[in-house]
There are 2 protein chains.
Amino acid sequence: MSLRAQRGVATREKVVAIARRLFAEHGYEGTSIEAVLHESGLSRGALYHHYAGKDALFEAVLEAVEAEVGRAIVASVRGVEDPRQALVTGCLEWMRLAGDPVVRRIVLIDAPSVLGWERWRAMEERYAFGMLKAALQAARAVPEEFTDLHAHMLLAAINESALLVARGGGPEAAEAALEDFLRRVLGPTP
Amino acid sequence: MSLRAQRGVATREKVVAIARRLFAEHGYEGTSIEAVLHESGLSRGALYHHYAGKDALFEAVLEAVEAEVGRAIVASVRGVEDPRQALVTGCLEWMRLAGDPVVRRIVLIDAPSVLGWERWRAMEERYAFGMLKAALQAARAVPEEFTDLHAHMLLAAINESALLVARGGGPEAAEAALEDFLRRVLGPTP
DNA sequence: CCGCGAAACAGACCGACTGTCGGTCTGGAA
DNA sequence: TTCCAGACCGACAGTCGGTCTGTTTCGCGG
């Protein structure tokens, strides 16, 4: 890679890291481009050279977070043979990860509003949701024709659990409830 | 009621109605206070006399929508004796109502981001979520200690169904899937 | 009937923010 | 060495949310 391209990549990574922190702390609306510029030492022109606008920057941040979470979930189910158990394990891991304020605020709260539900869903499809759907298919726990819709509903339920953990009451109760919920949806173990 | 108070109420209702349409069409960020002022013919001073800020106006709009939806759901389950069936009926009705773009955009997509998840949840508690929780308790389908958390997860799942209907594929599939999902969570009919 | 307080309303104004645009600098290919 | 594309710069325009200082209008006690 040429020195120029390297510099470009480094700049983008730096900006995304800073924006990620600010978006998580103050939300999308509460974060000004100027703050990102100030903290990164970059100029307006430079930032707008790399990203078309504030929403494009947010999308880049979202993609980075989703990719990171995706890797963590894959790692958590490595070695689990039973597809049903892998599903439960992966879901619980996702719930724990979504307990991170960064994930909560960026992925679950702001993303649908900023990008619009369609673009948000398309992003999720490539990460968390895609994996859940595949796992649900492998487990063969629900009728074929419902796989897609049930995967959506399950993911929404899991996300809600993650948000509830932050409310208080500790993660133990939420984990127990989620596991019970999952086993109900998946049906009796064969 | 005095003439002055009447005028105030009328003004608020007018502004809320206009803001509701604009928020639903263009989202919270995409709607400017100026647009609301222009369409309502009101002045800045007048609007800020009634609402502390843009988010307060949004909250008023949200409350109006929630109240309306709440009344519709109550009406839909009137006459249904079996609590379990009432639960299913009410959920399906909520899913249909949430198919309305106004409800989708305002209640499901923008509200958590604009008001923050806590304030949004507090609002839902007084309307849709409160009813769902009560119904779940009456049906005695899930363990006592899980009622609250399961109600949250269920509501999230239902909301997701509503958003999926808008994506396409028609409401029939979503309704069938939701009903199947509900019956799984509620367990076998006693 | 008068006048006073308060609510409703008006609109100029301010600071902050996003996005644009012409221009500069530099790495690397020709 | 020449030259161009991409990285970067910063002044500027336009918009928006919110504030502030009046002005009008209603209700009510004197």
Side-chain angles (χ1 to χ4, degrees), chain A residues 1-62 106 110-111 113-116 119, chain B residues 1-62 106 110-111 113-116 119:
Chain A
M1 199 192 300
S2 74
L3 202 149
R4 296 192 49 149
Q6 274 182 14
R7 233 178 30 180
V9 170
T11 300
R12 279 191 289 273
E13 279 177 358
K14 185 178 167 187
V15 168
V16 164
I18 288 169
R20 170 176 168 160
R21 182 169 53 77
L22 292 176
F23 281 144
E25 273 176 26
H26 311 112
Y28 180 78
E29 266 221 273
T31 303
S32 70
I33 291 283
E34 309 229 26
V36 177
L37 297 179
H38 182 259
E39 291 217 18
S40 64
L42 218 64
S43 69
R44 277 194 114 56
L47 191 145
Y48 278 92
H49 171 73
H50 290 290
Y51 299 102
K54 195 180 175 183
D55 62 332
L57 174 60
F58 182 86
E59 191 165 11
V61 169
L62 176 64
I106 294 176
D110 280 340
S113 164
V114 174
L115 301 179
R119 274 164 79 195
Chain B
M1 198 193 304
S2 72
L3 203 147
R4 294 190 52 148
Q6 275 183 14
R7 237 184 20 185
V9 170
T11 301
R12 280 190 288 275
E13 278 177 357
K14 185 177 168 188
V15 168
V16 163
I18 288 169
R20 170 177 167 158
R21 182 168 53 77
L22 292 175
F23 281 143
E25 273 175 25
H26 310 111
Y28 180 77
E29 265 222 272
T31 303
S32 70
I33 291 283
E34 310 229 23
V36 176
L37 296 179
H38 183 259
E39 292 219 16
S40 64
L42 219 63
S43 67
R44 284 191 109 62
L47 190 143
Y48 277 92
H49 170 72
H50 289 289
Y51 298 101
K54 193 182 178 184
D55 61 334
L57 175 59
F58 181 86
E59 193 165 10
V61 170
L62 176 63
I106 294 177
D110 280 340
S113 165
V114 173
L115 301 180
R119 274 164 81 195

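By convention in this document, chain letters (A, B, ...) are assigned in the order of the sequence lines, proteins followed by strands, and residues within each chain are numbered from 1. In this text the structure is predicted, and so the values were computed from the model without any measurement.
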Report task. Give the rounded distance in Å between these two atoms: OH of Y51(A) and P of dT20(C). Result -> 17 Å

Query - side chain to side chain contact (heavy atoms under 4.5 Å, CB included) partner of L62(A), chosen from L115(A), V16(A), V114(A) - result: L115(A)

Query raised in the report: Considering only heavy atoms, which members of residues 17-24 of chain A lie under 4.0 Å from some atom of DNA chain D?
Result: none

Query - Rounded distance [0.5 Å steps], CG in L57(A) versus NE2 in H50(A) - result: 11.5 Å

Requested in this report: Sort and list the pairs that fulfil side-chain hydrogen bond (donor to acceptor under 3.5 Å, both in side chains) and have at least one residue in residues 32-48 of chain B, not counting sequence neighbours.
Outcome: R21(B)-E39(B)

**Report entry** Counterpart residues, side-chain hydrogen bond (donor to acceptor under 3.5 Å, both in side chains), relative to R7(A) (two or more places apart)
**Finding:** none

Show me the protein contacts with nucleotides 6-10 of chain D, counting only N or O atoms at under 3.5 Å.
residue, atom, partner, partner atom, Å
dG6(D), O4', R4(A), NH2, 2.9
dG6(D), N9, R4(A), NH2, 3.4
dG6(D), N3, R4(A), NH2, 2.7
dA7(D), OP2, H49(A), NE2, 2.5
dC8(D), OP1, T11(A), OG1, 3.0
dC8(D), OP2, H50(A), NE2, 2.8
dC9(D), OP2, S43(A), N, 3.2
dC9(D), OP2, S43(A), OG, 3.2
dG10(D), O6, G45(A), N, 3.0

Query raised in the report: Rounded to whole angstroms, how far apart are CG on L47(A) and C1' on dC21(C)?
Result: 16 Å

Report task. Can you tell me the distance, in whole Å, between the CG atom of L37(A) and the C1' atom of dA16(C)? Result -> 14 Å

Query raised in the report: Any side-chain heavy-atom pair from E59(A) and D55(A) closer than 4.5 angstrom?
Result: no

Query raised in the report: Could you give the CG-to-P distance, from L57(B) to dG18(D), as a whole number of Å?
Result: 10 Å

Query raised in the report: Nearest-Å distance, NE2 (H26(B)) to C1' (dC16(D))?
Result: 16 Å

Report task. Could you name each residue pair satisfying ring-ring contact (aromatic ring centres under 6.0 Å, His included) that touches residues 4-37 of chain A, not counting sequence neighbours? Result -> F23(A)-Y28(A), F23(A)-F58(A), Y28(A)-F58(A)

Query raised in the report: Can you tell me how far the CD atom of Q6(B) sits from the OG1 atom of T11(B), to the nearest 0.5 Å?
Result: 11.5 Å

Report task. Kindly write out the residues that satisfy side-chain contact (heavy atoms from CB on, under 4.5 Å) with A17(A), not counting sequence neighbours, or none if the list is empty. Result -> none

Report task. Send over the distance from I33(B) CD1 to dG11(C) C1', rounded to a whole Å. Result -> 16 Å

Report task. Calculate the interatomic distance between E34(A) atom CD and dG15(C) atom C1'; express it in whole Å. Result -> 11 Å

**Report entry** T31(B) OG1 to E25(B) CD distance, which is reported to the nearest 0.5 Å
**Finding:** 8.5 Å

Query raised in the report: Atom NZ of K54(B) and atom C1' of dT19(D): how far apart are they, to the nearest Å?
Result: 17 Å

